[in-house]
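One structure is given here, and the rest of the page talks about it.
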2 protein chains.
Amino acid sequence: MPDRARRIPEATVARLPVYLRSLAELLDEKESTVSSERLAEMAGVNAAKVRKDLSYLGSYGTRGVGYDVEYLLFQMSRELGLTHDWPVVIMGAGNLGQALANYGGFTERGFPVAALIDADPDKVGRQYHGVQVHHVDELPRLAEEKGIAIGIIATPASAAQAVADQLLEAGIRSILNFAPAVITVPPEASLRKVDLALELQILSFYQQHAPDPAR
Amino acid sequence: MPDRARRIPEATVARLPVYLRSLAELLDEKESTVSSERLAEMAGVNAAKVRKDLSYLGSYGTRGVGYDVEYLLFQMSRELGLTHDWPVVIMGAGNLGQALANYGGFTERGFPVAALIDADPDKVGRQYHGVQVHHVDELPRLAEEKGIAIGIIATPASAAQAVADQLLEAGIRSILNFAPAVITVPPEASLRKVDLALELQILSFYQQHAPDPAR
DNA sequence: ACGACTTTGTGAACGTGTGCACTAGCGGGG
DNA sequence: CCCCGCTAGTGCACACGTTCACAAAGTCGT
């Protein structure tokens, strides 16, 4: 890595996967190059933003032409660390955990579900969609053996922080939290959250404050 | 509405549900008042931010004391439009749609699932977790009859934009999109998105760029 | 009644992110 | 070979969001 001086802004990082998806579509359509304007339209953003975002990755475009779809796709995959699979572990084999294990979208996109973890002894040993349920004590061993670097929290809110701590303990420092609870992690760890009720409540706010209260 | 001069920033709106949850916890613990500092800790943010955010709702605190938990809870619920239920419709009765219908968390938090919609005639008429599957043609009627104001898109990416258009057509202007696709809506509509693979890819980026490449 | 203490509400500085508008540079046609 | 058109890359101004620091305003004990 020659110069890692240029730090990529968080907002840009969050958009990279959207560009990636657009590029994959373009490749499907056998488009060999794409302009920032086209890519912007597909990603639902401003063209200047696309150019600035891509410039953080390097100068991969050609003036007067655009970006080479395949090359940019490769470079971006590399930057996002998507050149190999990232096995994930799902914490909590309840409703949500089972649904996530059952959801094929993860494996398909390079995040195979390596294991489910649950505290309930009745669930340990069972399988959901081909994924084995293990006891939490086995987490460190599994993490090591299967090279798990990402943990998904699908427990009730009350258990979320404890489960996060267990993940960190097992050396897993990237966490995706589905539980409706605030959890804190040390600065060297990454945390993202998905809260369905929260999203609906935000929609409710804007619905409530809509100019024309339709219903 | 006397003065609606003070517009609430988007970033603040996104935090209100987190405060709301914290306040509900405090009420459970029979705490009658709470300081901005305590609330900040529970919500995982800075105390000054809490005060500024709450100040957009009005001057509901008492200097030297803090905020009255019950009163603030009420005011915030009112502001978020959570004083009544918001029935939702789930578009797409596939894997994800079924899982969402099955997930009790929505109803519990005031967003009952009023209907599932699917294009597949084999699925129409079936029930999942007590929720009836209807054909898309019935959407306008259902929306009207059941007072549905929020639509959840749980279709494949390829159908997402068309389904969003159908929702808008039926007068539903608040949309939560689970499909991994960019969709556009007119400015009077609200759109939020939840993309699981995208979140994992962001985690992958930071994992890739971690100071100590653990594994 | 007053002073010490606590905590809110907010002005102001700062940092991050966005978008315009311009420059730099490449490709293609004559 | 040169000029024209097109598009990437980027400096700059602006908007938005965050955080600090402090004054205002209340409580509580004496």
Side-chain angles (χ1 to χ4, degrees), chain A residues 3 5-19 22-23 26 31-73 75-76 79 182 187 202 205-206, chain B residues 3 5-19 22-23 26 31-73 75-76 79 182 187 202 205-206:
Chain A
D3 73 300
R6 46 171 206 278
R7 205 191 98 273
I8 303 184
E10 228 178 288
T12 295
V13 173
R15 279 188 296 269
L16 294 184
V18 182
Y19 299 143
S22 305
L23 288 169
L26 288 165
E31 301 276 348
S32 63
T33 62
V34 62
S35 68
S36 60
E37 195 141 356
R38 177 84 203 285
L39 197 50
E41 191 204 318
M42 294 181 74
V45 299
N46 175 299
K49 208 185 282 184
V50 170
R51 292 199 294 276
K52 191 154 283 189
D53 284 345
L54 296 186
S55 78
Y56 288 114
L57 306 182
S59 264
Y60 295 143
T62 307
R63 292 164 193 234
V65 178
Y67 301 89
D68 183 283
V69 173
E70 201 165 354
Y71 184 60
L72 186 56
L73 190 61
Q75 289 297 342
M76 198 175 288
E79 194 73 25
V182 173
I202 294 172
F205 173 90
Y206 288 111
Chain B
D3 72 302
R6 45 170 205 282
R7 205 193 97 275
I8 302 184
E10 230 178 286
T12 295
V13 172
R15 279 188 295 269
L16 294 183
V18 182
Y19 299 143
S22 305
L23 288 169
L26 288 165
E31 301 276 347
S32 63
T33 62
V34 61
S35 67
S36 60
E37 194 142 356
R38 177 84 204 284
L39 197 50
E41 191 204 317
M42 294 182 74
V45 299
N46 176 299
K49 207 185 281 185
V50 170
R51 292 200 293 276
K52 188 149 278 186
D53 284 345
L54 296 186
S55 77
Y56 288 113
L57 305 182
S59 264
Y60 295 143
T62 309
R63 292 165 194 236
V65 178
Y67 301 89
D68 184 283
V69 173
E70 201 165 354
Y71 184 59
L72 185 57
L73 192 60
Q75 290 296 341
M76 199 175 286
E79 194 74 25
V182 172
I202 294 172
F205 174 89
Y206 288 110

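If you're wondering where the values come from, they're calculated on a predicted model, not measured in any experiment.
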Protein-nucleotides 21-25 of chain C N/O pairs closer than 3.5 Å?
from, atom 1, to, atom 2, distance (Å)
dA21(C), N6, Arg51(A), NH2, 3.4
dA24(C), N3, Arg63(A), NH1, 2.7
dG25(C), N2, Gly64(A), N, 3.4

Starting at [atom1] of [X], measure out to [atom2] of [Y] and round the result to the nearest 0.5 Å.
X        : Y        : atom1 : atom2 : answer
Leu54(A) : Tyr19(A) : CG    : OH    : 6.5 Å
Leu72(A) : Thr33(A) : CG    : OG1   : 11.5 Å
Glu70(A) : Leu23(A) : CD    : CG    : 11.0 Å

[N] phosphate, OP1 or OP2, under 4.0 Å from [X] side-chain N/O:
X        : N       : answer
Ser59(B) : dG9(C)  : yes
Ser55(A) : dG9(D)  : no
Arg7(B)  : dA15(D) : no
Asn46(B) : dC20(D) : yes
Tyr67(B) : dG9(C)  : yes
Thr62(B) : dG26(D) : no

Whole angstroms only, please: what is the [atom1]-[atom2] distance between [X] and [N]?
X        : N       : atom1 : atom2 : answer
Asp68(A) : dT7(D)  : CG    : P     : 16 Å
Leu54(A) : dG19(C) : CG    : C1'   : 16 Å
Tyr71(B) : dT8(C)  : OH    : C1'   : 15 Å
Ile8(B)  : dC16(D) : CD1   : P     : 16 Å
Arg15(B) : dG17(D) : CZ    : P     : 9 Å
Lys49(B) : dT19(D) : NZ    : P     : 4 Å

> If you look only at pairs with a residue in residues 54-73 of chain B, which of them pass as a ring pair (Phe, Tyr, Trp, His ring centres under 6.0 Å), with sequence neighbours excluded?
Replying inline: Tyr60(B)-Tyr71(B)

>> How about CD on Gln75(B), more than 12 heavy atoms from neighbouring residues, nucleotides or ligands closer than 6.0 Å, or not?
In response: yes

>> With hydrogens left out and only the distance checked, is there a donor-acceptor pair under 3.5 Å joining Lys52(B)'s side chain and the base of dT19(D)?
In response: yes

> Want to settle it: does Gly61(B) or Asp53(A) sit nearer the 5' end of DNA chain C, counting the closest nucleotide to each?
Replying inline: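 Nearest nucleotide further toward 5': that of Gly61(B).
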
Would you list the protein and nucleotides 1-4 of chain C atom pairs, both N or O, that sit under 3.5 Å from each other?
none

>> Please classify the nucleic acid contact of Arg38(B) as base, sugar-phosphate, or nothing, using heavy-atom distances under 4.0 Å.
In response: nothing

> What nucleic acid atoms does Tyr60(B) come within less than 4.0 Å of, heavy atoms only: base, sugar-phosphate, or nothing?
Replying inline: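 Sugar-phosphate: the residue Tyr60(B), judged by heavy atoms under 4.0 Å, touches backbone atoms but no base.
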
> Between dT7(D), dG17(D), dT8(C), which one does the side chain of Ser35(B) approach most closely?
Replying inline: dT8(C)

